[in-house]
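Letters A, B, ... mirror the listed sequences (proteins, then strands); counts begin at 1.
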Protein chains: 2
Amino acid sequence: MSLNQAKKTVTLADVARVAGISKTTASHALSGKGWVSAATRETVVRVASEMGFEVDPLARLLSNGRSEKTIGFFTLDIDLSSRTRQMQIIQAQLNDMGYSVPIYAYGYRGRDALENQLELMNNLLAQRPRAIVCNTSGVRDEVLERLQKFVDEGGVAVCYGYSRSAPVRCDQVIYAEGESHYLAARHLIELGHRDIGLFNVGYRKPAKPFLTEVQRALGEVGAQTREKWLFGNDGTRRYEEDGARLGDEFLALKSRPSAMIVANDYAAVAFMARVTRGGISIPENLSVVGHDDDAIAPFGVVALTTISSSIEAVTVSVIELLNSRLLRDYSGEPRLVTVRGELVVRDSTAAPR
Amino acid sequence: MSLNQAKKTVTLADVARVAGISKTTASHALSGKGWVSAATRETVVRVASEMGFEVDPLARLLSNGRSEKTIGFFTLDIDLSSRTRQMQIIQAQLNDMGYSVPIYAYGYRGRDALENQLELMNNLLAQRPRAIVCNTSGVRDEVLERLQKFVDEGGVAVCYGYSRSAPVRCDQVIYAEGESHYLAARHLIELGHRDIGLFNVGYRKPAKPFLTEVQRALGEVGAQTREKWLFGNDGTRRYEEDGARLGDEFLALKSRPSAMIVANDYAAVAFMARVTRGGISIPENLSVVGHDDDAIAPFGVVALTTISSSIEAVTVSVIELLNSRLLRDYSGEPRLVTVRGELVVRDSTAAPR
DNA sequence: CTGAAAGCGCTTACAG
DNA sequence: CTGAAAGCGCTTACAG
């Protein structure tokens with residue numbers, strides 16, 4: 001709008017003037033701090049509501065420090081998976097506790113260059129929230145350093161993410177990703193599989209904890225992974241599209257593994273559909289295990305065996321850690337909670353051949 | 001943290017003192033506004049960075065009005081569907097244009113009581129963003145009134161949502177939901193179906209534009225909907241769960257329709273899986289059409305025929321409307337852009353029997 | 001119980 | 001080119 005017709009909003013001073021008292025008293029009356037006679041308070045409250053007065057949170061913040069009722073949520077990617085559902089649940093719970101919980105996210109996967117991440121964190125920090133919940137998945141160390149500073153200055157932060165604990169001295173809950181993949185591999189091995197392929201989302205090839213844990217499981221029975229059967233992607237597409245591509249690559253294989261571990265249920269469901277239509281029947285010719293136990297898992301071409309990533313448990317822990325700091329004033333050492341996945345057997349896995 | 005050891009952060013005044021100049025000049029040097037000698041500017045910039053100075057956005061805001069570089073995103077529900085992908089894309093584009101785009105959402109479906117909605121909007125407004133993008137789906141009029149006030153005060157807002165244009169005098173893009181369902185119904189009717197069932201998410205029964213448009217299509221061939229075949233839900237579960245329940249209800253039906261229009265692809269996919277395992281084959285015994293063309297649509301038990309909700313088109317329009325106001329300083333009358341869905345035929349529909 | 005005054009950290013006319 | 005001063009809208013010792 002070119003004409004900045006900003007209607008003068010009503011301020012505390014206006015209220016005070018109309019009510020015939022000082023700003024100080026008006027402030028006290030409205031906030032409930034300090035002493036004010038019942039009569040005065042009543043007048044002020046009435047006048048304020050008549051005039052449509054609302055305190056400017058900015059001014060309040062500037063004059064008194066931290067924003068007590070807001071908790072910032074930092075996450076790089078809001079994907080269409082249980083992970084986002086998890087964020088929602090955390091947010092909902094905090095809302096119920098009376099906090100405002102704006103989400104600082106940066107578009108979708110593949111856009112989170114360091115510079116963008118830093119800016120995002122700075123924007124969040126600028127709100128001076130009471131606390132910060134940080135999904136550390138994909139977050140760079142430089143960004144976590146800023147978070148560390150926030151903590152050092154007396155802010156409370158709770159981080160959650162995969163495998164490695166983030167380099168921040170704050171409460172954390174981590175999901176033991178490697179162990180989960182180990183579970184998946186063990187399940188397949190016990191069924192008799194030795195030729196196992198891997199697919200990871202967001203990495204060119206299955207990376208660290210995923211790959212090594214599957215190799216460990218395989219090693220226990222004298223088997224190993226094969227380079228040809230290691231798949232990944234660049235993490236910019238949707239899970240289903242990645243899964244379908246994987247299906248194409250799989251169908252093009254000269255020699256195929258008898259089982260696939262696909263690190264995302266949506267990708268796994270799309271993969272199964274593509275491969276089934278390519279003539280492979282699951283689980284007769286191919287076993288598939290997913291990851292996350294997303295809502296879609298039971299409803300694909302065949303009900304998907306998967307690893308529950310304990311969305312629930314992570315959520316509960318995050319809230320609990322936060323509560324102990326916020327409500328119970330706990331101020332001890334940072335705590336680390338580890339959550340494990342569980343195997344959920346459905347119909348997509350069976351003995352090979 | 002009980003001991004509020006907040007390290008004194010460095011302020012503009014500190015920088016000015018160390019650089020041996022006034023706050024005014026320091027401010028000018030840093031912001032690039034007003035005249036400052038090159039030498040002074042250089043000194044100030046160096047000192048500032050040495051001291052790790054960063055302007056407090058709050059103070060800046062309080063002293064100069066609106067927050068130029070932030071655009072607030074208001075949406076009630078971040079569901080796990082294309083709708084969220086759409087939000088991400090809009091956010092990403094705005095990020096690329098240099099805006100910070102915090103998301104103000106309120107947990108998940110079913111939690112958005114008026115009171116909560118209002119508070120959410122107030123929190124967003126408190127940021128004094130340059131602009132607001134508002135997904136009006138499910139948003140109450142009282143909340144939109146607040147948004148109207150924002151617009152009246154010179155803020156720019158763009159709303160987008162289903163069917164009805166929101167009661168706000170601002171640019172809007174609406175998705176013609178009713179027409180889309182009409183398309184779905186026509187498609188089925190042309191295939192020969194007369195017995196069509198409906199499922200809507202978030203409503204107890206298929207509501208206004210959905211129901212009436214399907215009835216219109218049916219009316220054109222002298223057919224009509226049947227009360228028994230109208231399904232809905234309360235909108236608090238995940239789409240897949242809703243779809244599975246629908247499947248159970250469908251299987252329990254004494255007489256069944258020959259086709260179902262399911263207003264969400266995830267629900268439709270789960271519905272198909274459940275019903276298929278219950279012995280119904282699609283499309284031989286039952287045709288199904290979904291809605292949204294979500295990423296999952298092609299990958300269920302059978303590839304789903306659906307209506308694309310033109311996520312892309314909505315996104316483009318929202319950005320364009322925003323740009324014309326923000327970049328090109330357009331300040332004319334509010335504009336209304338209508339976007340239509342398109343039928344995407346896949347394998348879940350065929351002639352009945 | 002009430003109020004004058006200082007202060008939060010910046011920006012911006014306005015006067016040199 | 002530079003700076004003293006007022007102001008953004010509130011809160012909070014501190015003094016009545």
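With C/dC10, D/dC10, C/dG3 as the choices, the nucleotide that has an atom nearest any side-chain atom of B/R60 turns out to be C/dC10. Checked against D/dC8, C/dA4, D/dT11, the side chain of A/T24 finds its nearest nucleotide in C/dA4. For A/S27, whose side chain is taken as the heavy atoms from C-beta onward, the closest listed nucleotide among D/dG9, C/dA4, D/dT12 is D/dT12. Residue A/L62 places its side chain closer to D/dG9 than to any other of C/dT2, D/dT11, D/dG9. Residue A/S63 places its side chain closer to C/dC8 than to any other of C/dC8, C/dG3, C/dT12. In the set D/dC10, D/dC1, D/dG3, the nucleotide with an atom closest to the side chain of B/T40 is D/dC1. Side chain of B/H28, nearest nucleotide from C/dG9, C/dC10, C/dT12: C/dT12.
One can place CZ of A/R17 at 17 Å from C1' of C/dG3, the figure rounded to the nearest angstrom. As a whole-Å value, the separation of B/L30 CG from C/dT11 C1' is 12 Å. Atom CD in A/E42 sits roughly 14 Å away from atom P in C/dC1 (whole-Å rounding). Nucleotide C/dG9 holds its C1' atom 14 Å from the CE atom of B/M51, rounded to whole Å. If you take CG of B/L12 and P of C/dT12, they are 12 Å apart, rounded to a whole angstrom. To the nearest angstrom, P of D/dG3 lies 14 Å from CZ of B/R41. Here C/dC1 presents its P atom at 19 Å from NZ of A/K33, a figure rounded to the nearest Å.
In this structure, A/T25 reaches the bases: a heavy-atom distance under 4.0 Å links it to at least one base atom across the strands shown. Nucleic acid contact class of A/K23 (heavy atoms, under 4.0 Å, all strands): base. Here A/S31 lies out of heavy-atom contact (under 4.0 Å) with every strand.
Here A/D14 pairs with A/R17 in a salt bridge; the nearest charged N to carboxylate O distance falls below 4.0 Å. Note on B/R328 versus B/E320: salt bridge recorded, some NZ/NE/NH1/NH2 to OD/OE distance being below 4.0 Å.
Figure legend. C/dA13 is base-paired to no nucleotide; pairs are counted as Watson-Crick or G-U wobble with both atom distances under 3.5 Å. C/dA4 makes up no base pair with any nucleotide shown, lacking Watson-Crick or G-U wobble contacts both under 3.5 Å.
Mapped onto DNA chain C by nearest heavy atom, A/W35 and A/A59 fall at different nucleotides, with A/W35 at the one closer to the 5' end.
Looking only at side-chain heavy atoms (C-beta outward), B/V45 and B/L30 come within less than 4.5 Å of each other. Side-chain contact between A/I78 and B/I78 is present, with heavy atoms from C-beta onward closer than 4.5 Å.
The residue from B/L147, B/D141, B/T136 that alone fulfils the side chain to side chain contact (heavy atoms under 4.5 Å, CB included) condition with B/P167 is B/D141.
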